[in-house]
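What follows is a set of notes on a single structure, which appears directly below.
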Amino acid sequence: MKLIELTIKEAHEGLKNKEFTSVELTKAYLEEIKKSDKEINSYLSVDEDFAIKQAQEADKKIASGEFGVLTGIPCAIKDAILVEGQKCTSASKILENYVAPYDATVITKLKEQGVVILGKTNLDEFAMGGSGENSAYGATKNPHDTTRVAGGSSSGSAASVAGNMACFSLGSDTGGSIRLPSSFCGLVGLKPTYGAVSRYGLIAFGSSLDQIGPIAKTVEDAKIVFEAICGKDKKDATSANFQFSISNFQLKGCRIGVPKEYFVKGIDPEVEKIIKSAIEKAKDAGAEIVEISLPSTEFALACYYIIAPAEASANLARFDGIRYGLSEKADNLLDVYLKTKGNGFGAEVKRRIMLGTYTLSSGYYDAYYKKAQEVRQLIKQDFENAFEKVDLIFAPTSPVPAIKIGERTEDPLSMYLMDIYTVSVNLAGLPGISIPAGKTEGLPVGLQIIGNHFQENKILAIASQLEKMLK
Ligand code: GLN
């Protein structure tokens with residue numbers, strides 16, 4: 001097996017047994033990036049010197065005998081998460097030359113573990129999108145089929161791992177952005193419970209929805225990274241006092257809910273077949289399959305596409321040409337704003353800002369934003385009711401496998417439809433994972449496992465048992 005194909009666990013064993021050094025491992029990834037990323041476009045920046053320096057530090061730690069499972073493991077970070085001293089663009093022209101002045105808390109935590117950060121990965125501009133095509137720096141291609149998208153918004157975080165250009169990565173998920181690209185790229189992606197991981201140092205999109213989480217090759221790897229980054233942070237008031245504990249929860253006796261509203265018109269028949277067969281396998285292993293109802297599902301997309309743009313319009317107001325990044329010259333202040341935002345933001349970001357300011361404006365606030373908040377409560381309630389009857393919920397991650405590049409870019413609504421199975425989880429603040437469930441015509445299909453608040457351990461235990469059966 002090649003070094004770049006190893007999982008975190010395997011690479012750790014190799015480092016521990018002195019089969020190779022972190023510098024060798026890091027160089028192997030850097031070489032692969034040079035070879036393959038011209039085509040895939042998963043990285044927006046790679047800092048070789050920084051990576052090698054971190055690897056040397058890690059090798060010292062390993063030699064001293066005091067090291068952890070992540071020490072010396074090379075990873076990739078979504079370019080919406082701040083790494084001190086490195087550019088952080090959020091794949092926007094408005095932040096083209098912005099250099100992060102501090103580390104996000106997740107980065108501080110990973111650095112404490114001695115990871116090696118290879119570089120910053122591509123995404124839909126400001127994480128707004130489902131295909132990765134809204135990046136100002138070009139779409140990321142899917143390593144399984146380069147005529148197709150990697151999925152978004154954490155497109156580069158998924159493609160770098162799927163393309164063996166990082167051992168694992170961090171993404172962020174506001175409405176599916178970790179789970180969807182993981183599904184499209186055949187990986188494991190965990191969107192933690194709202195508050196389980198600090199958002200300090202994540203460029204905000206929808207503050208009541210955003211969460212950072214891992215993308216990895218195996219459930220065990222995702223667990224390792226999640227454990228390293230979770231927990232209370234005094235710099236993020238919404239972070240929770242959460243301690244991860246290992247669970248030996250088993251498929252046998254597990255009550256699994258299958259929402260009847262999720263298997264209706266619009267889902268690709270092959271995807272449906274793969275998900276249903278995964279559910280069958282869980283049943284064969286002793287799980288009890290329960291049909292459940294999430295009646296507000298039909299309003300989830302409308303609700304999300306009011307709340308997320310509303311929060312985005314408020315969050316993005318700070319990019320005014322004065323405080324951060326791009327600043328266009330003009331004769332008066334208003335023109336500075338107009339020119340900076342006009343030239344700095346891409347079409348999708350402008351669309352969201354306009355939608356958001358409209359739904360928050362007086363006269364429309366009650367009809368749109370307030371109504372959407374009420375619907376959000378109904379969606380939460382649906383899940384609360386469901387979790388009285390079941391332990392976990394199984395669902396598709398996406399109604400379709402990876403789409404062709406350009407297939408849906410002309411029609412934003414058709415793009416938003418890909419989020420049908422993921423947005424409710426964020427609206428309800430729940431944890432969800434996507435794991436590979438099979439392939440159709442060579443394209444990976446993800447199974448989504450949703451749990452109750454802070455039950456990542458249950459999700460991970462079941463996902464880990466299932467992953468072996470779905471191989
Ligand atoms: N595709 C969704 C959107 O465009 C979700 C994005 C995300 O999770 N960051 O808003």
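When a ligand or atom number is given, it counts from 1 through the structure's own listing order.
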I'd like to know whether the aromatic ring centres of Phe205 and Phe126 sit less than 6.0 Å apart in this structure.
no
Taking the six-membered ring for Trp, are Tyr102 and Tyr200 closer than 6.0 Å centroid to centroid?
yes
Any heavy atom of Glu348 under 4.0 Å from ligand 1? The part involved is neither
Using distance alone, decide if ligand 1 has a nitrogen or oxygen within less than 3.5 Å of any nitrogen or oxygen in Ser172.
no
Take every heavy atom of Gly129, measure it against each atom of ligand 1, and state whether any distance is under 4.0 Å.
yes
So, is the end of the Lys120 side chain (NZ or CZ) under 6.0 Å from the ring centre of Tyr43 and within 45° of the ring's axis?
no
Touching ligand 1 at all, Tyr416? Heavy atoms, strictly under 4.0 Å?
no
Modelled atom types, side-chain donor and acceptor of Thr193 and Glu456, under 3.5 Å
yes
Phe249 six-ring face occupied by Lys458 cation (under 6.0 Å, within 45°)
yes
Against heavy atoms of Asp173, which atoms of ligand 1 measure under 4.0 Å?
8 (O)
Residue, atom and distance of the protein heavy atom nearest atom 3 (C) of ligand 1 read Tyr305 OH, 3.2 Å
With distance as the sole criterion, is a donor-acceptor pair present between the side chains of Arg199 and Tyr194 under 3.5 Å?
yes
Has Met415 got any heavy atom lying under 4.0 angstrom from an atom of ligand 1?
no
Can you list the atoms of ligand 1 that are under 4.0 Å from a heavy atom of Gly130?
1 (N)
State yes or no: are the ring centers of Phe242 and Phe226 separated by less than 6.0 Å?
yes
If we number the atoms of ligand 1 from 1 as shown, the ones under 4.0 Å from a heavy atom of Gly175 are 5 (C), 7 (C), 8 (O)
Tell me: protein heavy atom nearest atom 5 (C) of ligand 1, and distance?
Tyr304 OH, 3.3 Å
Is the distance from the ring center of Tyr416 to that of Tyr304 below 6.0 Å?
no
Where is the nearest protein heavy atom to atom 2 (C) of ligand 1: which residue, which atom, and how far?
Asp419 OD2, 3.2 Å
Does the side chain of Glu125 come under 3.5 Å of the side chain of Ser92 through a donor N or O and an acceptor N or O?
yes
Which ligand 1 atoms does Ala127 reach within 4.0 Å, using its non-hydrogen atoms?
6 (C), 7 (C), 9 (N)
Is there at least one pair of N or O atoms, one from Ser177 and one from ligand 1, spaced under 3.5 Å apart?
yes
Taking both backbone and side-chain atoms of Met128, is any N or O found less than 3.5 Å from an N or O belonging to ligand 1?
no
Can you check whether Phe205 has an N/O within less than 3.5 Å of an N/O in ligand 1?
no
Does either side chain, that of Thr174 or that of Asp210, offer a donor lying less than 3.5 Å from an acceptor on the other one?
yes
